[in-house]
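Quick notes on the structure that follows.
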Amino acid sequence: MSKNILIIDDDRDLCDFLQQALSAAGFQVQVADRGAIGLRKLLTEEFHLALVDINMPEISGPNICRALRKHDNTTDLPVVMITADFHSPEQVAAAKDEYGADDFLLKPFTGEDLQKLMERIFSPDENQQETDSEVQSISDYTIPLQLQQLYRQKATGLLHLTRGAAKKIVYIKEGYPIFTRSNVLSECLGRTLVADGVITQIDCDKSVEKSKESGRLQGTVLIEMGLLTPQEVQTALVRQVTDKLLSSFVWRSGTCQFVPVKDFKQNITRIELTPAALIKEGIDRYWTPTQLDEFLYPFSDDYLKQASNPLYRFQDIELSKRGRTVFKSCLGVKTLNQILEQHPLARREVQKVLAALMISEMLESSVDPDPIATEDLSGEGEPEIIDEHLRHKILDDYQRIMSCDYFETLGLERQFRSGDARRAYYQLAKEYHPDRFLGSGLSTEMSNKINEMFQYITQAYTVLSDEDSCAGYLDELVNGPKKSIDINKIIEAEGAYQEGRALLKVRRFSAAAKSLQRAIELSPEESEYMAFFAWALFKSAPKKPEIQNRAMEVLLASREINPGFDLTHLYLAHVYLSLGKERQAEKSFEMAVQANPDCTEALRELRLMNLRREQGPPSKGLFSKFKKKK
């Protein structure tokens with residue numbers, strides 16, 4: 001018996017996509033574009049699942065969910081809320097508790113995300129066992145294959161690696177490894193720096209002793225000792241957490257287990273490489289010739305072609321000149337052996353390139369050659385460093401792309417040749433692939449806009465590349481309501497933010513707080529807006545307890561969204577100081593330096609705090625001295 005699903009959403013395009021995808025999977029689907037209509041259907045008809053948009057006219061998604069939980073016939077009905085508002089595991093967990101939803105479908109999402117959701121809802125026991133309990137044995141290829149599988153699944157959780165007494169935990173967020181913990185002593189920061197010849201063993205021992213005495217981070221102690229600059233400490237920390245993960249590529253025994261989790265340690269030094277780049281680096285460093293031969297042997301007579309899925313094809317990976325040449329030559333007309341034979345003097349290097357590209361799914365293999373060799377669209381673009389120019393460029397691109405119909409998005413005429421859509425799509429997909437912006441310092445909101453643009457471009461190509469769906473879409477454009485996305489709020493929020501920043505500079509704190517509060521109301525997930533609003537609010541009345549507490553709450557929320565923004569930590573530290581919480585303030589100053597080694601104000605405050613600590617407690621006056629003498 002097929003399952004009945006009700007979609008409650010006023011976004012016509014999204015409803016069409018969900019209805020087509022779920023119907024193709026064998027579900028019976030109905031749609032309601034108003035909250036009241038949808039709730040009435042759920043209470044009077046039989047459904048197995050409700051997909052509810054969180055922001056609905058008449059009755060909101062949360063209120064629909066709460067109403068369902070009050071009635072006996074719907075109290076156990078699975079409810080999935082669709083939203084772009086929640087993105088951290090903590091927010092989703094809190095919303096589940098508050099609304100009573102069973103799960104969340106976070107925009108933008110793919111067909112694969114939808115499929116996994118259906119598996120979670122309708123076969124939770126099997127899926128839970130698969131994701132939570134499966135312990136795998138580590139063999140020659142386990143680690144890189146596991147990293148790619150988690151990237152493919154966009155998984156979030158902890159990857160536990162164990163070999164004998166050695167244990168490592170890799171933090172995975174939406175498929176990207178972001179941090180590694182290890183109990184291997186040789187991989188601690190001090191020993192890593194000694195092994196690299198950056199500091200001596202004596203310096204390392206002194207820094208460890210001071211770190212234990214003060215409870216401060218070893219990196220901060222090394223800065224105060226004058227042994228390293230903040231930039232050098234930050235570089236060393238990034239290299240350390242990356243190397244902890246890469247060194248596991250040498251493991252050929254042990255176990256690994258992935259455990260989905262909701263909570264992450266927020267203030268961490270993040271790995272800056274994509275999964276594909278990590279796979280390539282790990283293979284380069286640690287795979288033996290025997291491993292390469294054994295891994296590639298089954299594909300010797302297969303034809304290699306660049307991946308058809310841009311999500312995999314345009315991953316950010318650092319290739320040498322020869323590596324780029326090899327990738328460009330994989331057009332489905334040469335076998336793996338033929339490609340290797342073209343590079344007899346660099347066979348091992350080419351083997352490493354091919355192994356990395358195949359594991360990261362940038363290359364596909366086939367027993368038959370591709371009858372039409374694809375054009376070269378694999379040129380690599382350098383990721384941009386985040387600055388105000390890039391911020392505005394993303395906003396401009398978002399406004400332009402999301403305001404266009406599918407033809408305009410791909411730059412196509414209404415009548416186009418069959419190959420034009422594919423070429424246009426691949427160029428745009430390469431430009432807006434999320435990997436290109438990894439490590440660029442983008443806030444959560446900016447990253448979400450990149451993902452949404454990439455998804456919209458992919459959706460445009462999916463519709464226009466199929467003759468029937470293209471004709472139907474064109475008919476809708478001509479005869480039906482055109483899709484329109486209101487981006488006025490985004491632009492208005494940015495204007496209010498810029499106005500608030502300008503008012504802050506001239507110390508008009510109350511006026512700045514009003515402008516920045518407006519920016520938050522229009523764009524509530526932008527951590528920078530929140531940080532500057534909290535600072536303006538605090539500066540407007542720094543002695544009022546209610547203002548201090550409100551500023552601290554907003555800054556903590558901002559830190560939750562984007563722990564990599566140094567000013568959030570800096571402002572929070574000053575608020576802590578005003579509340580007399582010096583230990584929390586010192587930690588926040590340290591986090592500001594970790595997020596931005598050039599945060600001179602945080603460095604200055606840390607030096608002052610350390611100086612006061614070394615000078616000891618202040619004198620209690622002559623009377624106390626007199627009593628001591630007696």
### Task
Would you mind telling me which of Q28, M118, Q30, Q19 makes a side-chain contact (heavy atoms from CB on, under 4.5 Å) with I5?
M118
### Task
State which residue, out of V52, V29, D33, fulfils the side-chain contact (heavy atoms from CB on, under 4.5 Å) condition with I7.
V29
For [X] against [Y], the heavy-atom pair lying closest together:
X	Y	result
A557	M530	CB-CE, 3.4 Å
P177	I271	O-CB, 3.7 Å
A155	F258	CB-CZ, 3.7 Å
T142	S137	OG1-O, 3.5 Å
G175	P275	O-CG, 3.5 Å
T568	A531	OG1-CB, 3.5 Å

### Query
Given the side-chain rings of F454 and F314, with only the six-membered ring counted for Trp, is the space between their centroids under 6.0 Å?
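Ring centres of F314 and F454 not closer than 6.0 Å.
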### Query
Between Y406 and Y456, is the ring centre distance below 6.0 Å?
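So the answer is yes for these two rings.
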### Query
Checking side-chain contact (heavy atoms from CB on, under 4.5 Å) for the pair I121/H48: CA distance, chi angles, key distance, verdict?
CA-CA 10 Å; I121 295 296; H48 300 93; over 6 Å; no
Just by modelled atom types, is the [Y] backbone N or O under 3.5 Å from a matching donor or acceptor in the [X] side chain?
X	Y	result
Q306	R313	no
K3	L49	no
T274	D316	yes
Q427	A424	no
E526	E528	yes
S527	S558	no
Q148	S360	yes
S248	L245	yes

So do [Y] and [X] actually touch side chain to side chain, heavy atoms under 4.5 Å?
X	Y	value
V79	T74	no
L464	F416	yes
F407	C470	yes
S523	E492	no
L150	Q146	yes
E361	Y151	no
Q136	T255	no
H160	K167	no

Can you tell me how far [atom2] of [Y] sits from [atom1] of [X], rounded to the nearest 0.5 angstrom?
X	Y	atom1	atom2	value
F533	Q517	CZ	CD	4.5 Å
L357	E364	CG	CD	12.0 Å
T409	I457	OG1	CD1	7.5 Å
I8	M81	CD1	CE	9.5 Å
L516	I520	CG	CD1	7.0 Å
Q257	T162	CD	OG1	8.5 Å

Test: [X] and [Y] ion pair at under 4.0 Å:
X	Y	answer
K393	E431	yes
K154	D113	no
D405	R414	yes
D397	R400	yes

### Task
Evaluate whether atom CD of E45 has more than 12 neighbouring non-hydrogen atoms of other residues, nucleotides or ligands under 6.0 angstrom away.
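Count over threshold, so yes.
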### Message
Determine whether R518 and E521 satisfy the following criterion, salt bridge (charged side-chain N to carboxylate O under 4.0 Å, His left out), listing intermediate values before the conclusion.
### Response
CA-CA 5 Å; R518 178 59 179 160; E521 291 170 354; 3.6 Å; yes
### Task
Taking the six-membered ring of Y426 (Phe, Tyr or Trp), confirm whether the NZ or CZ of R422 is under 6.0 Å from its centre and within 45° of its axis.
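Checked: cation-pi criterion met.
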#### Entry: From CA spacing to verdict: side-chain contact (heavy atoms from CB on, under 4.5 Å), L22, L51
CA-CA 11 Å; L22 293 171; L51 293 172; 3.8 Å; yes
### Any residue meeting side chain to side chain donor-acceptor pair (under 3.5 Å) with S465, in chain and number order, not counting sequence neighbours
none
### Message
Just to verify, what does N63 make a side chain to side chain donor-acceptor pair (under 3.5 Å) with, not counting sequence neighbours?
### Response
S60, R66
### Query
Which is it for Y461 and L428 under the side-chain contact (heavy atoms from CB on, under 4.5 Å) test, yes or no, and what are the steps along the way?
CA-CA 10 Å; Y461 173 68; L428 285 171; over 6 Å; no
### Query
Do you see a donor-acceptor pair shorter than 3.5 Å between the side chains of T458 and Y425?
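Y425 and T458 do have a side-chain donor-acceptor pair below 3.5 Å.
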### Task
Give the C-alpha distance, both sets of side-chain angles, the deciding distance and a yes or no for side-chain contact (heavy atoms from CB on, under 4.5 Å) between Y171 and L158.
CA-CA 5 Å; Y171 290 46; L158 300 175; 3.9 Å; yes
